[in-house]
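Quick caveat: nothing in here was measured; it's all calculated off a predicted structure.
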Amino acid sequence: MEGHYDFKSIEARWQEYWEDRKQYKVTLTADKPKYYVLEMFPYPSGALHMGHIRNYSIGDVVARYKTMQGYNVLHPMGWDAFGMPAENAAIQHGIHPAKWTAANIANMRRQQQQLGTSYDWDREVTTCLPDYYRWTQWLFLLFYHRGLAYRRKAPVNWCPSCQTVLANEQVINGSCWRCETQVEKKELEQWFLRITDYADRLLKDLELLEGWPEPVKIMQENWIGRSEGAEVVFSIKDREEKITVFTTRHDTLFGVTFMVLAPEHPLVMDLVRGTEREEAVGDFVKKAIKRRDASKDGEELGKEGIFLGAYAINPVNGEEVPIWVSDYVLMEYGTGAVMGVPAHDSRDFAFTKKYGIPQRIVIVPEKDAPVPEELTEAYAADGYLVNSGPFDGLPVAEAQEAIADYLEEKGIGRRAVSYKLRDWLISRQRYWGAPIPIVYCDQCGTVPVPEEELPVMLPEDVVLKEGAVQPLSQVGEFVHTSCPKCGGPARRETDTMDTFICSSWYYLRYTDAGNEEAPFGKEAVNYWMPVDQYIGGIEHAVLHLLYSRFFTKVLYDAGLVQCLEPFTNLLTQGMVIKDGAKMSKSKGNVVTPEEIFEKYGADTARLFILFASPPERELDWSDQGVEGAWRFLNRVWRLVNNNVDLIKAAGEAKESASEEDTGLRRQLHETIKKVTEDIERFNFNTAISAIMELVNGIYRYQDKLELAEQNPALLREVLEKTVLLLAPFAPHLTEELWRILGHDGSVHQQDWPVYDPAALVREEVKIVIQVNGKLRERLQVPVGISQEELETRVLDLERIRALTEGKEIVKIIHVPGKLVNIVVK
RNA sequence: GCCGAAGUGGUGGAACUGGUAGACGCGCUGGACUCAAAAUCCAGUGGAGCUCAAACUCCGUGUGGGUUCGACUCCCACCUUCGGCACCA
């Protein structure tokens, strides 16, 4: 590697320098503007992959740039350290999860340091350590005392491979988000967090998040799934009970021809008890539930149903309609009961086709349009009401208001809102998680562990075996305890918490990581929060990012934080792909950070990753592209080293600057402007390309001029600022070059360069000349030239004369300093 | 089915508010240096036409229309790819 810079010794030396000086340690400094930049903390799986490298490279550029701009920058790192892989490793290799996790953390932390990241390691958090999960438990109790944590028996998602339940957000296409095993339904008694209480605020406050990508907000919006509509109460013929339905189309209430209940609806069996239908309906319900549980998500089941022999009475017209039960109605949404309007709902339409239930048209597309005999498909679009008694002729939107008023007046219904969002199921039947701080006592019932007894320690001595459910229930000395209330014998909760709880508040802990009295102190959290820039993968759009927003809102209500939202700006980075596919072991297209560090060093890895594509897009890994980044850094290295002697002797700038001097200086200041603006917009790729152009410009300057003609003072300015501009991207190399240029201290503690507007001024500009919008000529003119003067000059040009000869000039468009367009006929 | 994102040279990508399409990098071609190679440096590089050459002309940002003096950019319709949701009443 003759002629290449010695990245190995340079990178190791500066990493040591930073560590020795604790250069990136940050403290609360009230008189300095703060900036909190955060990358999503990793699960300690064992080693970093390129996605991590991309994530941390982006964050590190922002942190270093903001530091140079004078901000007090908080840039922490930690470990999302509870979770299944550790437990699986224990089962397969007999290593204790704590040991496995600690070893992985050590390795990954070493790799992050190799990358040259500017983390304040004094604030490192590790969610599986008692000094962290103690506060996770404390927060659970806070939720519990605020009525936001509750236990209930419910049908839940069960992953047979992970042997645990999952939250709705963790079921992807009917499969477990971690292992992709098909999820089953189980009826279990589980702990939930009442996130649905916050549905409306989680939705509404998306408006506050101007710094979030629109697609992420839309995904959350869809996930929360707010629908406005009405609840309508139907009586049942010859019975006391009533059925409440939720509908968004109460304007179609006169078109109801049947009623459908979900198989799990409590009224289903009540209605048939003691009748000839009891057995058939019972069978149907059992089969329907089974069939649905076994089905894949997204698979359309062919709407099976059975008549219950009972009739509901439509409260607006007194009509009696048959009550059915069908698997296309979900118990979990709305009221678990649906009014059937086949003419205006495609599902109801399909169902009635199958069972021969009549339809009634109550909406027509145009006012006073004839009502068709029959529809071939449901008409769900906008229109005007017909066959709807006093509401005939009203447009849909008005009819909804009028009918809602009517329902409320008559006490037969009310306006209502329904959400798709469900409460967050947080119990996990696993060992490697934070124990839920709850005790069950035969005398006192469910008793929260008192705050001063926290943490409820996760016992270390546990046997983990394949297929074992609730490993904690096997640990006698953990399970058996005394009731905090009455002192009598009691049992501990043996489920642990979803790891997403741990990651829902870690960004708060960083602000005050060592605090032993509280999860975080008020002063610290209010100084640092919210996170100014959060960076991570889009896969967390409705998981971590929604949960964290929920946590922040609850803590806001509890008076523990002052911000309504945790993350002001969000950058969702794209995936790293190679040869058209995501890097994966099975595809055999993995490039490890290790091999790149070894061959080219961290600066090259960072530069390539940031240069190859804008951060939110996919990154196509190219070995040749890496070579290119490597070549560029060497080009910078040679440029500085070749000029050290020259510029060290430099005095003041020469009096009469040459044309080349002015040009180079202008390019420098244009580059400072562009790089600054590009970093602000996260266009790192174009920021780097501008630095490359500047370096090319310096080479060209020196190529063109004899040594004696060059301006050493100018070269000094240009080279120093080039090094400063490159510093956030290639932190090690620029430290070394800064030292070579004769400076003490760290380049990262210098001020970010500011461009000189005077240097940008040009005397002449090149004007593009178009005829009828087509480029025909270019003209160099003085900057201040008047429109008239320019016009005369343009029309006088030989080419333009030839093109306009004998034609009528309709008009001439001027774009000052840029373009003249002559429109001819 | 619904919602969203993206389609630009051989290639990754640039063009920020409608104003020189293809910056920068990769690759390729030619040259310099070298006994030779590596490394490095210099020059060229969207396509077609016409040229000794330069100049010039035409075509060109997924497709088809439109708006405009001027469209990768705005509008309408469509195609393809990728992502999210999915019987949500």
Side-chain angles (χ1 to χ4, degrees), chain A residues 1-4 172-174 213-223 225-227 229 245-249 252 260 292 295 297-303 326-330 332-341 344-348 350-351 418-422 538-539 541-542 575 607-608 611-614 616-629 631-632 634-635 638 674 677-678 681 683 685-693 696 699-700 703 766-778 799 810-815 818-824:
Chain A
M1 289 267 194
E2 181 76 290
H4 294 154
I172 314 289
N173 286 329
E214 213 53 42
V216 175
K217 288 193 274 187
I218 291 168
M219 276 163 77
Q220 291 210 355
E221 200 179 310
N222 293 341
W223 188 261
R226 182 180 201 272
S227 293
V245 299
F246 173 77
T247 177
T248 55
R249 291 299 306 273
T252 64
V260 211
R292 188 154 68 196
S295 73
D297 250 33
E299 183 186 346
E300 277 278 316
L301 297 174
K303 300 184 181 50
S326 173
D327 49 10
Y328 82 93
V329 176
L330 308 172
E332 313 91 77
Y333 184 75
T335 60
V338 167
M339 62 182 212
V341 187
H344 306 293
D345 181 281
S346 60
R347 295 149 303 182
D348 296 345
F351 186 70
S418 195
Y419 296 93
K420 289 188 202 175
L421 185 70
R422 307 286 145 74
I538 194 158
E539 65 272 16
V542 287
M575 277 193 319
L607 194 82
F608 165 70
F611 176 63
S613 79
E616 62 283 357
R617 256 205 257 181
E618 265 182 0
L619 171 79
D620 198 354
W621 187 271
S622 146
D623 292 334
Q624 284 163 332
V626 179
E627 283 278 348
R631 273 203 288 264
F632 170 70
N634 277 292
R635 214 164 130 79
R638 283 192 306 270
K674 176 151 177 64
E677 287 167 358
D678 280 353
R681 294 184 299 151
N683 289 356
N685 53 334
T686 49
I688 292 167
S689 78
I691 300 173
M692 287 174 169
E693 283 180 84
N696 292 345
Y699 269 101
R700 213 170 306 124
D703 219 41
K766 200 185 277 171
I767 303 286
V768 168
I769 298 151
Q770 299 180 336
V771 177
N772 286 343
K774 288 201 167 163
L775 171 71
R776 295 301 180 191
E777 191 58 286
R778 293 180 178 84
R799 261 185 66 60
V810 182
K811 60 174 160 178
I812 297 177
I813 314 261
H814 286 267
V815 180
K818 268 196 174 156
L819 167 145
V820 173
N821 186 13
I822 303 158
V823 186
V824 296

Which of C85(B), C56(B), A14(B) is nearest the side chain of R617(A)? It is A14(B)
**Message:** If the cut-off is 4.0 Å, is R635(A) near the phosphate of C41(B), judged by side-chain N/O to OP1 or OP2?
**Reply:** yes
For G1(B), the nucleotide meeting Watson-Crick or G-U wobble distances (both under 3.5 Å) is C85(B)
Separation of G19(B) atom P from E777(A) atom CD, nearest Å, is 22 Å
What interatomic distance, in whole Å, is found between P of U40(B) and the corresponding atom of C52(B)?
-> 39 Å
* **Whether S613(A) side chain and E618(A) backbone form a donor-acceptor pair below 3.5 Å** => yes
*Donor-acceptor pair under 3.5 Å: do we get one between K811(A)'s side chain and the base of C69(B)?*
no
If pairing means Watson-Crick or G-U wobble with both distances under 3.5 Å, then the partner of G70(B) is none
For the pair D345(A) (side chain) and D348(A) (backbone), establish whether a donor and an acceptor sit closer than 3.5 Å, ignoring hydrogens and angles. yes
Any strand, both distances under 3.5 Å, Watson-Crick or G-U wobble: C41(B) pairs with G31(B)
### Query
Do the charged groups of K674(A) and E677(A) touch, with an N to O distance under 4.0 Å?
no
Considering only atom C1', compute the distance from C26(B) to A14(B) and round it to an integer number of Å. 15 Å
Inset, instruction - Determine the Euclidean distance between corresponding P atoms of A23(B) and C76(B); express it in Å to zero decimal places. - result: 32 Å
Of the listed A89(B), G19(B), C24(B), the closest approach to the L819(A) side chain comes from G19(B)
Q.
Taking the P atom in each of G13(B) and G18(B), what is the distance between them to the nearest angstrom?
A. 24 Å
- Query: How far does the C1' atom of G10(B) sit from the matching atom of G22(B), given to the nearest Å?
  - Reply: 13 Å
Nearest-nucleotide check on RNA chain B, V329(A) vs D620(A); residue mapping nearer the 5' end is D620(A)
Which of C58(B), C42(B), U40(B) is nearest the side chain of D703(A)? It is C42(B)
When rounded to whole Å, the NZ to P distance for the pair K420(A) and A89(B) reads 6 Å
Between the side chain of R776(A) and the main-chain N/O of R799(A), is any donor-acceptor distance below 3.5 Å? no
Residues D678(A) and A687(A): closest non-hydrogen pair is OD2-N, 3.4 Å
Against the side chain of E693(A), the closest entry in C87(B), C24(B), G19(B) is C24(B)
When rounded to whole Å, the CD1 to C1' distance for the pair I218(A) and G83(B) reads 13 Å
* Provide the distance between the two P atoms, one in G70(B) and one in C56(B), to the nearest whole Å. => 23 Å
**Report entry** K303(A) charged N/C atom sitting above F351(A) aromatic ring, 6.0 Å / 45°
**Finding:** no
For C78(B), the nucleotide meeting Watson-Crick or G-U wobble distances (both under 3.5 Å) is G62(B)
I'd like to know if the side chain of N772(A) and the backbone of V824(A) have a donor-acceptor N/O pair within less than 3.5 Å.
yes
Per the glycosidic torsion and the 90° limit around 0, nucleotide G25(B) is anti
Of G27(B), G25(B), G19(B), the nucleotide closest to the side chain of Q624(A) is G27(B)
G12(B) -> Watson-Crick or G-U wobble partner, both distances under 3.5 Å, gives C24(B)
Answer for the Watson-Crick or wobble partner of U51(B), both distances under 3.5 Å, is none
Under a 3.5 Å limit on both distances, the Watson-Crick or wobble mate of G18(B) is none
Out of U20(B), C56(B), A14(B), minimum distance to the side chain of R799(A) belongs to C56(B)
Base U20(B) to side chain R778(A), donor-acceptor N/O within 3.5 Å cut-off
yes
- [ ] Can you tell me, in whole Å, how much space there is between the P of G60(B) and that of A48(B)?
- [x] 15 Å
Q. What interatomic distance, in whole Å, is found between C1' of G4(B) and the corresponding atom of A86(B)?
A. 15 Å
Closest to the side chain of N821(A), out of A5(B), G13(B), G19(B), is G19(B)
Picking from U20(B), C69(B), A39(B), the nucleotide nearest the side-chain atoms of V768(A) would be U20(B)
Whichever of A612(A) and N222(A) has the more 5' nearest nucleotide on RNA chain B, that residue is N222(A)
Determine: side-chain N/O of S418(A) to OP1/OP2 of A89(B), distance under 4.0 Å, yes or no.
no
Separation of U11(B) atom P from N685(A) atom CG, nearest Å, is 19 Å
Which of C87(B), G70(B), A15(B) is nearest the side chain of N683(A)? It is A15(B)
Looking only at C41(B), G19(B), C24(B), the nucleotide nearest the R638(A) side chain is C41(B)
